[in-house]
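Below is one structure; the comments refer to it alone.
To find a chain, count down the sequence lines: A is the first, B the second, and so on, and within it residues start at 1. Heavy atoms only: backbone and side chains are in, while hydrogens, waters and symmetry mates are out.
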There are 2 protein chains.
Amino acid sequence: MAGAATRQGEGEVGDLGAARLARLGNDSLQERVYQELRRAISSGRYGSGEVVTIRGLAEMLGTSPMPVREAVRRLVQDRSLEMLPNRSMRVPVMSSDRFMQLTDARAVIEGHAAFRAAQAMTDRGFDAIRDANDRMGLAIRQLDVTGVVDANREFHFEIYKASGSEVLLSVIDTLWQQSGPYLAVLLRALSATPEALPTVGFGHHFDLLAAFAARDAAAAHKAMDDDIRDAADWYVKHGRAAAGHND
Amino acid sequence: MAGAATRQGEGEVGDLGAARLARLGNDSLQERVYQELRRAISSGRYGSGEVVTIRGLAEMLGTSPMPVREAVRRLVQDRSLEMLPNRSMRVPVMSSDRFMQLTDARAVIEGHAAFRAAQAMTDRGFDAIRDANDRMGLAIRQLDVTGVVDANREFHFEIYKASGSEVLLSVIDTLWQQSGPYLAVLLRALSATPEALPTVGFGHHFDLLAAFAARDAAAAHKAMDDDIRDAADWYVKHGRAAAGHND
DNA sequence: CACATTGATCTGTGATCACAAGAATGCAAT
DNA sequence: ATTGCATTCTTGTGATCACAGATCAATGTG
C-alpha cells in the first residue's frame, strides 16, 4: 500500500500530524504498530474471539506485513492475542474462569505492590497519586466515562510506580493488558448507566490514600485488594450481560 | 551456512536426531529458535550484559536472520533480553536491586499459587509433586547439580499447575525466565561445593508436601514464601561472589 | 438432492534485498 | 603523539518474493 513504499523509518504512515512527536519518540514503525494494536485491543475495539490476520492489519494500517508480523508476535507473547493451531490468530475468548484467574492474580500482585508502595512512599509520589484521584473525581462529576477509566488507570499505576519495583510494574502491566477486553465491556456498561459512576467510580481509592498518608502498608494492601475484587464483583453483576461470555 | 536454503518448514536445521519429536511437536523454526535461546539464556550460557546480534545468532544456528528476529523480539518482550537505545541487544545486567525485586515478586506470587494449589489439590496432582521431589532427592544423593535444579523446577511447576490458574502459571514462568541468569550463578556455585546440596537442596519442600497433604493453604503459602526467600538468601551469601554484579 | 473431491485462495513462515543510522576504523593535520 | 574528520562496516528495520499447509467454494458424482 501507500504508494511506492521502498522508504522506511520516518513518515510514510501516520498522517496524524505526529511530526512533532516523531522527533522526540523516534520509535520504529513496528513499535508504533504494537502500541496501536495494544491500545485497540485493550480498549475493546476488537471483540472476544475475533480473528485477525497479518495482511489484513497491515493493509488497514497502510504498511507492509513486516512490522505487523513482529508487533503481532509480541502481542501473542504477552497473551493479548492467541495463536490457534490452525495457523490463525484471534483475540482470546472471554470466559468467567479466565476472568476470575485474572482478578485473583491482580488482587494479590497489585495488593502487594500497594504494600511496597506504602513502605517506600515519598511526598512526590503521594502527590502524583492524589492528583490522579482528583482528576478522576472531576471526570466522575462530569460523567465522563472514558475519562474515569483513564484516570483510574493513572491512579493505579502511580501507586505501582511508587512501589519502586520495575518487576512488579511490568507484571501488572501485562495483567491489565490481558484484562483489557473485560474492561471494555465494563466501560460499555458504565456508558449505558453513567449515573452509577459516583457509586462505584472511586472504589476504595480514599482508603488507599489514607493508608499511604499514614504509610500503613497493611491497610494499603487490604484497600487495593478490596478495590480490585469489588470492581470485579460489580462487573460480574452488571457488565457480564453485555459481554459475549461463552460459559 | 546450510547450503541452498530456500526450503522451509521441516528439516534444514537440527541434525540432532529429533525426527521422532519433530513429528509430534511440529513447531515453526522461529519457535524452536525461541526455545533454544530461552534455554540458553536461562541456563546462563550467556553472561550478564553480553551483547547479541540477530545476524550473529542466525549464523550460529544456521538459519536466516528472519526467524531469529522474531524469536529475539519475543525474548525482549518477556525481558529475557533488553534493547538498548543504541540499536543493540544484550542480556540484562544483573544488579542486586533487580534480584531483590525478582525474589520479592516471586515469593508473593508463587506463595499465592501454592495457596491456591493447596485449595484445589487433587490426589493426582499431589503424586506428581511428590514424585518430582523424590527425583530431586535422588539427584541430591548423587550430587548431580543440574539434576537437582531440573527436578526443583519440575517440583515447583507441578505445584503451580495444581493451582489451576493459567494466568499465575504464565506470570511465574516469565519470572523464572528472568531469574535464569541468577540461577545459573547459583548452579555454578553449587557445582563448586556440591557437599552443600543436602543442606540447601530441599529447601522447604517437605513443609510444602505436608501442607498439601493436609490441604492447609496458609501453611503452603508460608512454606513457599520461605523456600524462595531462603534460597535467595543463600544465593546472596554464597553465590554472589561468583556473579558479575555491578552494584 | 446429499456428499465427496478438487481447484483456487488465503495465511503464516522463511529468505533475501535494500536502506539508514551508529560504531569503528583509518588517515591526515596540527 | 593526539585530535579531528571522513570512510567503511555493522546492525536493526522494512519491503518483497516464494512456499507450504489450511480453508473454502465450486463442481462433479452417487
Rounding to an integer number of Å, can you tell me how far [X] [atom1] sits from [N] [atom2]?
| X | N | atom1 | atom2 | answer |
| --- | --- | --- | --- | --- |
| L61(A) | dG14(D) | CG | P | 13 Å |
| L29(B) | dG21(D) | CG | P | 15 Å |
| L84(A) | dA22(D) | CG | C1' | 13 Å |
| R90(A) | dA22(D) | CZ | P | 18 Å |
| E70(B) | dG12(C) | CD | P | 11 Å |
| L57(A) | dT11(C) | CG | C1' | 12 Å |

Should [X] and [Y] count as an ion pair when the cut-off is N to O under 4.0 Å?
| X | Y | answer |
| --- | --- | --- |
| K161(B) | E154(B) | no |
| R73(A) | E70(A) | no |
| R45(A) | E50(A) | no |

Name the closest nucleotide to the [X] side chain, picking from [options].
| X | options | result |
| --- | --- | --- |
| R69(A) | dG12(D), dG12(C), dT16(D) | dT16(D) |
| I54(A) | dT13(D), dA15(D), dG12(C) | dG12(C) |
| T53(A) | dT11(C), dT16(C), dG14(D) | dT11(C) |
| M83(B) | dG12(D), dA23(C), dT13(C) | dG12(D) |
| R87(A) | dT13(C), dA23(C), dG14(C) | dT13(C) |

Of M89(B) and P85(A), whose nearest nucleotide on DNA chain D comes first from the 5' end?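 On the 5' side of the pair lies M89(B).
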
Hey, which of these two, P67(A) or V52(B), hits DNA chain D nearer its 5' end, going by closest nucleotide?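 Going by which nucleotide is closer to the 5' end, it is V52(B).
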
Polar contact flag, side-chain donor to acceptor under 3.5 angstrom, R79(B)-Q178(B):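 Distance-only check fails for R79(B) and Q178(B).
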
Can you find a donor-acceptor pair, distance only, under 3.5 Å between R55(A) side chain and dG12(C) base?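 A donor-acceptor contact between them is present.
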
Side chain R73(B) and base dG12(D) donor-acceptor under 3.5 Å: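 Looking at the base of dG12(D), it does not pair with any donor or acceptor on the side chain of R73(B) (distance under 3.5 Å).
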
With a 4.0 Å cut-off on heavy atoms, is Q30(A) in touch with a base, just the backbone sugar-phosphate, or nothing at all?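 Here Q30(A) touches the backbone only, sparing every base.
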
Toward the 5' end of DNA chain C, by each residue's nearest nucleotide, M66(A) or N86(B):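 Closest to the 5' end, via its nearest nucleotide, is M66(A).
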
Would you mind listing every salt bridge (charged side-chain N to carboxylate O under 4.0 Å, His left out) that reaches into residues 167-185 of chain B, with sequence neighbours excluded?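 Sorted result for residues 167-185 of chain B: R38(B)-D173(B), R153(B)-D173(B).
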
